[in-house]
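Here the structure comes first, spelled out in structure tokens, and everything after it is commentary.
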Number of protein chains: 2
Amino acid sequence: MKYHKIPDETIRRMPMYLRAFSMLKTEHQDTISSIHLAERLHLKPPQIRKDLSYFGAFGTRGIGYPVSSTAKQIRSILKLNITQKAALIGAGRLGAAIAEYPGFSMFGFDIAAIFDNEPSKIGTKVGKNVVEDISKISMIRDLDIHLAILAVPADAAQSVVDMLVGCHVKGILNLSPCYLVVPRSMKVVTIDLAMELGTLPYYM
Amino acid sequence: MKYHKIPDETIRRMPMYLRAFSMLKTEHQDTISSIHLAERLHLKPPQIRKDLSYFGAFGTRGIGYPVSSTAKQIRSILKLNITQKAALIGAGRLGAAIAEYPGFSMFGFDIAAIFDNEPSKIGTKVGKNVVEDISKISMIRDLDIHLAILAVPADAAQSVVDMLVGCHVKGILNLSPCYLVVPRSMKVVTIDLAMELGTLPYYM
DNA sequence: CACTGTGAATTCCTTCACAGCG
DNA sequence: CGCTGTGAAGGAATTCACAGTG
């Protein structure tokens, strides 16, 4: 295919595809057509074919996509073929839930450090990590971590982000309901539970 | 303005606007222009003007939008002017984090019941509610609750949803990484943390 | 005059329709 | 034949540009 800018929406769907292919693999299915994959994911078949074709021709005509090798391809496109270390900031209830969330490992994420500012939490174990004092946040740089998950109160989020900039963090998953000011080199994804819930009554 | 279908993306942004206007109100600002609001929200001014204009002419030319009355308008558009009761299914770590999440009240949400299937959790207090046995899920119908938040393991999610259909639930915020089969009358929003995190390394 | 409100233009994304291939 | 891969068509959302107004 000749040059095309890859739509952001396509990138957003790639992890969906990765999850689907991973699950198919555990089901010992070795190929899947765009039609059947579309059914699973509530998408249209041409959508899937076009999305995947941006990155190459992974499928076999007449058959479909080989599960195992396509999963591997997607993993390397998303740079999830190498373990991605992430730091978790905030060891409250939400932080603890995230630390023990089993779903990250399928994508190759590893929570490699946890920080909090509350003395009573520092030194306790959350998931597999011991909570460190936020003042030791430069550990993130030393450990060569480039991803952070923010599970702190909204009014603390920006000041934590400013620290993370200095630690060479490149991507943030922000769970606070607030807008973060970051350098252009940093990518932020914000998830705001209340906002997502806020659209539902409109449709009911 | 003549008839226009309102874009889904506009609906998705409305809670953002509501949050922004609510915050402006607590800051005692009484008007805001689309330019300044756009700066706060990292959007473009015409986007905001167009979004709001789908629902009417809330602004004052030469001045901007009146904070208090626009907030009220958005709240009623989203049907958040009346308290929306929600049931929380799953009282694990994630469920507990959600039960105590302070952000829901700004949007008028009230977690009115919590359910779990684990005997050790039933009867304990999480947030302001006592955890009920999932077998009592029909309480949802009796309490006239039409929203549910799903914080259960992925393999349990579909079976819970099937029960919720019978309870006349109309909207679900699903926090499990899975696709739910629901009747057309039901609206589902799924948030998959790992998937959101999965896009970040690509951009780094 | 400074801003909103809005048709028109543009950009972006999805879907179609079919050529091409195993 | 059945499915992928893909230009082209279509549709949706964003942005522009400016008329309209307090």
Side-chain angles (χ1 to χ4, degrees), chain A residues 1-17 20-21 24 29-74 77 199 202-203, chain B residues 1-17 20-21 24 29-74 77 199 202-203:
Chain A
M1 190 173 41
K2 64 181 205 210
Y3 173 80
H4 274 100
K5 190 199 166 299
I6 296 168
D8 282 343
E9 293 300 308
T10 293
I11 303 300
R12 278 182 57 82
R13 281 187 294 269
M14 294 306 282
M16 267 176 68
Y17 298 144
F21 279 102
L24 286 164
Q29 199 171 326
D30 41 336
T31 65
I32 188 158
S33 70
S34 60
I35 298 147
H36 292 122
L37 187 56
E39 267 166 31
R40 284 205 176 215
L41 302 181
H42 302 161
L43 297 173
K44 305 252 164 86
Q47 176 89 269
I48 292 173
R49 295 203 300 274
K50 177 139 284 214
D51 282 344
L52 294 178
S53 78
Y54 282 117
F55 302 99
F58 303 148
T60 311
R61 291 167 198 242
I63 306 287
Y65 296 91
V67 167
S68 179
S69 73
T70 307
K72 199 176 292 178
Q73 294 272 9
I74 297 173
I77 290 161
T199 61
Y202 175 84
Y203 289 104
Chain B
M1 190 173 40
K2 64 183 207 210
Y3 172 80
H4 275 101
K5 190 200 167 297
I6 295 169
D8 282 343
E9 293 301 309
T10 293
I11 303 300
R12 278 183 56 82
R13 282 187 294 269
M14 294 307 282
M16 267 176 68
Y17 299 144
F21 279 102
L24 286 164
Q29 199 170 326
D30 42 337
T31 64
I32 188 158
S33 68
S34 59
I35 298 148
H36 291 123
L37 187 56
E39 265 165 34
R40 283 204 175 216
L41 301 181
H42 303 161
L43 296 173
K44 303 254 163 86
Q47 176 88 269
I48 292 172
R49 296 203 300 274
K50 178 142 283 220
D51 281 346
L52 294 178
S53 78
Y54 282 117
F55 302 99
F58 303 147
T60 310
R61 292 166 199 242
I63 306 286
Y65 296 91
V67 167
S68 179
S69 74
T70 307
K72 200 177 291 178
Q73 295 272 8
I74 298 174
I77 290 161
T199 62
Y202 174 84
Y203 289 103

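Computed from a prediction, not measured in an experiment: that's the story for all the values here.
The nearest whole Å value for the distance from the CD atom in Glu9(A) to the P atom in dT11(C) is 19 Å. Rounded to whole angstrom, the span from the CD1 atom of Ile6(B) across to the C1' atom of dT14(D) amounts to 16 Å. Spacing between atom CG of Leu52(B) and atom P of dC3(C) amounts to 16 Å, rounded to whole angstrom units. For the pair His4(B) NE2 and dG5(C) P, the interatomic distance rounds to 15 Å; values are reported in whole Å. When rounded to the nearest whole Å, the span between NZ of Lys50(B) and P of dT10(C) equals 15 Å. Going from atom CZ of Phe58(B) over to atom C1' of dT4(C) covers 13 Å, rounded to whole Å.
A heavy-atom distance below 4.5 Å is found between the side chains of Tyr65(A) and Ser34(A). The side-chain heavy atoms of Phe55(A) and Ile74(A), taken from C-beta on, include no pair separated by under 4.5 Å. Using a 4.5 Å heavy-atom cutoff, the side chains of Ile11(B) and Tyr54(B) are not in contact. Between Asp30(A) and Ser68(A), the closest side-chain pair of non-hydrogen atoms is not below 4.5 Å.
Rounded to the nearest 0.5 angstrom, His4(A) NE2 and Lys50(A) NZ are separated by 6.0 Å. Remark: Leu41(A) CG to Ile48(A) CD1 distance equals 5.5 Å, nearest 0.5 Å.
Of the candidates Thr10(B), Asp51(B), Ile77(B), Asp51(B) is the only one forming a side chain to side chain contact (heavy atoms under 4.5 Å, CB included) with Tyr17(B).
For Arg61(A) against dG2(D), no side-chain N or O and base N or O form a donor-acceptor pair under 3.5 Å.
Counting all heavy atoms, side chain and backbone alike, Thr199(B) lies closest to Arg12(A) at CG2-CA, 3.9 Å. Closest heavy-atom contact between Gln29(B) and Thr31(B): NE2-O, 3.2 Å.
Looking at heavy-atom distances under 4.0 Å, Lys5(B) makes no contact with the nucleic acid at all. Residue contacts for Arg12(B): at a heavy-atom cut-off of 4.0 Å it reaches no nucleic acid atom on any strand shown.
Considering only side-chain N and O atoms, Arg13(A) lies under 4.0 angstrom from the phosphate OP1 or OP2 of dT14(C).
Mapping Ile63(A) and Asp51(A) onto DNA chain C via the closest heavy atom, the residue that lands nearer the 5' end is Asp51(A). Take the nearest nucleotide of DNA chain C for Arg49(A) and for Thr60(A): the residue whose nucleotide is more 5' is Arg49(A).
Non-hydrogen atoms lying under 4.0 Å from DNA chain C are contributed by nothing in residues 65-74 of chain A. Listed in residue order, the members of residues 31-48 of chain B having a heavy atom less than 4.0 Å from DNA chain C are Ser33(B), Ser34(B).
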